[in-house]
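Reading through the structure tokens given below for one structure.
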Amino acid sequence: MTDSFTGFTPETIDFLWGIRMNNNRQWFQEHKRQYVDTLYEPMKALGTRLFRPFQDKPGNILKVSRIYRDARLHHPLPYKESLWLCIRKDVQWWAENPCLFLEVNPEGVDYGFCFWHPRVSSMEDFRREISARPERFLGLMEATGQAAGIPVTADLYKRPKPTDNPALAPYFGWKGNISCIREEPVSPELFGPELAERAESLFAALTPLYDYFDQFRA
């Protein structure tokens with residue numbers, strides 16, 4: 001795997017739109033070389049580059065998805081409409097654990113931090129931790145917002161959990177999908193090696209957030 005990421009291209013997006021409109025084996029086989037050359041190989045190269053600061057930290061792994069759906073899921077369509085990479089711990093199910101990710105889809109690219117489906121017990125641990133050390137957590141939220149330029153958001157309980165600390169009240173409502181994500185629509189700025197630099201910068205800004213939530217992984 002190489003880290004010579006030269007960028008995605010308009011042909012990358014053309015392929016993704018094509019698979020969305022023609023999600024069948026015949027069309028894919030006719031365009032497989034376009035998939036490999038403009039999407040899969042560039043994604044592997046980008047992943048290698050983004051993983052460089054994490055490779056010496058124990059337990060971190062890089063995952064690059066494939067376009068093929070898992071047949072065990074019995075999805076009616078054989079191929080995905082996006083491709084992603086993620087940096088996370090080596091765990092059984094990624095959705096229950098924090099990760100840094102980048103995904104390319106027909107509309108553009110999304111990248112940042114996500115803790116999509118934490119266990120109920122993980123969120124209970126989270127509330128105990130921020131209650132015990134509120135300054136540490138509130139300082140992290142402020143620092144992350146300043147460094148990333150993007151707010152940290154989450155799905156909320158219909159009935160937020162109670163807390164005696166008003167400063168923590170918004171966070172006691174967090175249920176899941178804790179995320180800090182940058183979205184870039186398709187434009188000339190999307191193509192070229194500069195995307196790697198922007199993603200590297202955002203991943204660096206979000207690494208303290210990733211490390212903090214790692215204590216609540218499944």
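Keep in mind that this is a model prediction, so the values were computed, not measured.
Looking at residues two or more places apart in sequence or on another chain, you find a side chain to side chain contact (heavy atoms under 4.5 Å, CB included) between Thr9 and Glu11, Thr12, Thr38. In this structure Ala143 satisfies the side chain to side chain contact (heavy atoms under 4.5 Å, CB included) test with no other residue, sequence neighbours excluded. For Asn165, the side chain to side chain contact (heavy atoms under 4.5 Å, CB included) partners two or more places apart in sequence, or in a different chain, are Pro134, Thr163, Ala167, Leu168. With sequence neighbours excluded, no residue forms a ring-ring contact (aromatic ring centres under 6.0 Å, His included) with Phe54. Under the ring-ring contact (aromatic ring centres under 6.0 Å, His included) criterion, Tyr111 pairs with no residue, sequence neighbours left out. Listed by chain and residue number, Asp214 satisfy the salt bridge (charged side-chain N to carboxylate O under 4.0 Å, His left out) test with Lys89 (two or more places apart in sequence, or in another chain). Scored by the side chain to side chain contact (heavy atoms under 4.5 Å, CB included) test, Asn177 finds Cys114, Trp116, Asp155, Ser179 as partners (sequence neighbours excluded). When the ring-ring contact (aromatic ring centres under 6.0 Å, His included) test is applied to Tyr40, the partners found at least two apart in sequence or on another chain are Tyr35.
Phe101 belongs to a hydrophobic cluster whose other members, connected by ILVMFWY side-chain contacts under 4.5 Å either directly or through intermediates, are Ile181.
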Check: residues 203-210 side-chain donor-acceptor pairs under 3.5 Å, at least two apart:
{"unit_1": "Thr207", "atom_1": "OG1", "unit_2": "Phe203", "atom_2": "O", "d": "2.7"}
{"unit_1": "Tyr210", "atom_1": "OH", "unit_2": "Asn60", "atom_2": "OD1", "d": "2.6"}

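Residue pairs meeting the salt bridge (charged side-chain N to carboxylate O under 4.0 Å, His left out) criterion with at least one member in residues 91-120, sequence neighbours excluded, are Arg20-Glu107, Glu96-Arg119. Residue pairs meeting the ring-ring contact (aromatic ring centres under 6.0 Å, His included) criterion with at least one partner in residues 127-154, sequence neighbours excluded, are Phe126-Phe137, Phe137-Tyr171, Phe137-Tyr212.
Lys161 forms a cation-pi arrangement with Tyr157, by the criterion of a distance under 6.0 Å to the ring centre and an angle within 45° of the ring axis.
Using a 30° and 60° split on the angle between ring planes, Trp27 and His31 fall in the parallel class, below 30°.
Of the possible donor and acceptor atoms, none in the side chain of Ser122 sits under 3.5 Å from a partner among the backbone N and O of Pro118.
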